[in-house]
Each structure stands twice: as C-alpha cells, then as structure tokens.
Amino acid sequence: MTDDFASVLPETRLLPVLSVPSAATAGPLAEALAAGGARCAEVTLRTPDAEQVLRTMAAHGGLTVGAGTVLTPEQAERAVAAGARFVVSPGFDPDVVEKCRELRVPVVPGVATATELMRALRAGLDTVKLFPAETLGGPAALRALAAPFPGMRFVPTGGITADRVPAYLGVPAVLAVGGSWMATADHLERGDYAEIQRLTALAVARSVT
C-alpha cells in the first residue's frame, strides 16, 4: 500500500463517485465502468449495502476502488478491510487522516476554505478534495484557492457534470475530477449498464484529452 493518491489514478484523471443502493448491482456496475475505460471508482458509504458493494467491486480486478463519505476512523478501518485502496472524506478530520496513515492508504479529505487547506498542509497532505466544487464557484474559485498553495493538488467533486470536466482539468492544480453523472441512482434502478458504460467512455475521453 502507498499513501500517494496519484498512484491509484492510472491512465485517467476521472473518479466516478458512486452511491449504490443494492449490492446486487455492484458486479454489473463494475463491469460497465471498466468496459467504459474507468480505472478507479469511489464507493460512498451512504447506503446500507455500501461495504458489501465495496467488497464486490474491489474484487473485480479491473478497478482500483476506494471508499467515500468516510466520517470516522472506524469507518476507514472497515472500508479498508472490505478492500478500499483509498479513502475520501467530505471534510478534514485529523483522526481519519491519522487512521489512514496507520492503514497505509491514501486519504483525500474535503476542504472548502483556505483555513482547511492550511490544516491539511500542516498534517502533511498534498492532495485534497474541493467540495462542493460547483457550489463554491467552480474552476475560477479553485484557481483562486489553489494560488497560495503551489504544492497542493485537488480532486474537485460536488455538482460537476460531464460538460464541466474540461474546465476543471484545465486548472493545473487539479489531479482528477470526481462525479456521479456516469452512474446515477436512476441508471442503477433501471439496470441501464449500457448507458453507464457509454457515459463513462465519454467522460474518460474528456479526461485524457
């Protein structure tokens, strides 16, 4: 294991963010994402089946899978036991960061202000999640926030749609862009894995150009 988040983003700068209501959809979802060219995915711990979804998707082999919406050190520990290769949280919590260091997995805490960025920097981190990115002002706000922190890399998520990906990736400090538009609750409810694969392929194409 490594604590460098960049190491889990091979070939693409795209991070699908998934809230999966049923473990039964995890296998087909992993297949659709991988077939569309995704190489990693974040499974949010927002649903009752999230840990089983994480376990199933992590076993797929074609994806590097992490856990999102991690709020406590205990959740981080369970997520890693289920196969998570990285941890994402909506805010900065030093206890979650420390637990991930113990577990030797990359952690990407959420920030929204310069004060939170300074705390992350003081904790020795070089990658954070800007959340909620669109509400905070999008790429323009990200550029302004990143300017005083030249060594910091960002993974913006929150309200980002497919057509906004190039604008975010045009910001030099952006390591990858996260979003849920590729695999929404509606897609999963309908079992529309062909559409998930199509949208993923389009997003991957945008992320590597």
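Remember, predicted model here, so these are calculated numbers, not experimental data. Numbering of residues begins at 1 and proceeds along the displayed sequence.
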Where Ala203 and Leu14 come nearest, the two heavy atoms and their spacing: CB-CD2, 3.7 Å

Heavy-atom side-chain proximity of Thr157 to Ser180 below 4.5 angstrom: no

Check against side-chain contact (heavy atoms from CB on, under 4.5 Å), Phe154 and Val128: CA-CA 5 Å; Phe154 293 81; Val128 294; 3.7 Å; yes

Contacts of type side-chain contact (heavy atoms from CB on, under 4.5 Å), residue Leu145, not counting sequence neighbours: Ala114, Leu117, Leu130

Atom pair CZ (Phe5) and NZ (Lys129), whose distance is rounded to the nearest 0.5 Å: 10.5 Å

Derivation and outcome, side-chain contact (heavy atoms from CB on, under 4.5 Å), residues Leu125 and Arg101: CA-CA 11 Å; Leu125 298 172; Arg101 285 223 170 94; 3.8 Å; yes

Co-membership, hydrophobic cluster, residues Phe131 and Leu121, 4.5 Å side-chain: no

Same cluster (ILVMFWY, side-chain, under 4.5 Å), Leu142 and Val17: no

Set of residues satisfying salt bridge (charged side-chain N to carboxylate O under 4.0 Å, His left out) with respect to Glu98, sequence neighbours excluded: none

Flag, side chain of Glu116 to backbone of Thr113, donor-acceptor distance under 3.5 Å: yes

Closest approach of Met152 to Ala173 (non-hydrogen atoms, all atoms of both residues): O-CB, 3.8 Å

Pairing of Glu195 and Arg198 as salt bridge, 4.0 angstrom limit: yes

Shortest non-hydrogen contact between Leu169 and Ser207, atoms and distance: CD1-CA, 3.4 Å

Counterpart residues, salt bridge (charged side-chain N to carboxylate O under 4.0 Å, His left out), relative to Arg190 (two or more places apart): Asp186, Asp192

Partners passing salt bridge (charged side-chain N to carboxylate O under 4.0 Å, His left out) against Glu51 (at least two apart in sequence or in another chain): Arg78

Minimal non-hydrogen separation, Ala38 against Pro16, with atom names: CB-CG, 4.2 Å

Taking every non-hydrogen atom, the tightest pair across Lys99 and Pro73: CG-O, 3.6 Å

Side-chain hydrophobic cluster, 4.5 Å single linkage: members besides Leu33: Leu18, Val20, Leu29, Val43, Val53, Leu54, Met57, Leu63, Val65, Leu188, Tyr193, Ile196

For Asp49 against Ser22, the heavy-atom pair lying closest together: OD2-CA, 3.6 Å

Summary of salt bridge (Lys or Arg N to Asp or Glu O under 4.0 Å) pairs that have at least one residue in residues 166-177, sequence neighbours excluded: none

Atom pair CE/OG1 of Met182 and Thr161 - distance to nearest 0.5 Å: 11.0 Å

Under the side-chain hydrogen bond (donor to acceptor under 3.5 Å, both in side chains) test, residues paired with Thr184 that sit two or more places apart: His187

Distance in Å, Cys40 SG paired with Leu15 CG, rounded so as to fall on 0.5 Å steps: 5.0 Å

Pairs where residues 139-155 contributes a residue and the test side-chain hydrogen bond (donor to acceptor under 3.5 Å, both in side chains) is met, not counting sequence neighbours: Asp4-Arg153, Asp126-Arg153, Thr127-Arg153

Pro109 vs Val96 side-chain heavy atoms within contact, under 4.5 Å: no

Set of residues satisfying side-chain hydrogen bond (donor to acceptor under 3.5 Å, both in side chains) with respect to Glu189, sequence neighbours excluded: none

Under the salt bridge (charged side-chain N to carboxylate O under 4.0 Å, His left out) test, residues paired with Glu134 that sit two or more places apart: Arg164

Test item: Arg13 side-chain N/O and Val174 main-chain N/O as donor-acceptor pair under 3.5 Å: yes

Pairs flagged by salt bridge (Lys or Arg N to Asp or Glu O under 4.0 Å) wherever residues 57-75 is involved - sequence neighbours left out: none

Approximate separation, where rounding is to 0.5 Å, of Trp181 CH2 and Leu202 CG: 10.5 Å

Single-linkage hydrophobic cluster Met118~Leu136, side-chain heavy atoms < 4.5 angstrom: yes

Residues in side-chain hydrogen bond (donor to acceptor under 3.5 Å, both in side chains) contact with Gln75, at least two apart in sequence or another chain: none

Spatial distance of atom CZ (Arg104) from atom CD (Glu102) [nearest 0.5 Å]: 12.0 Å

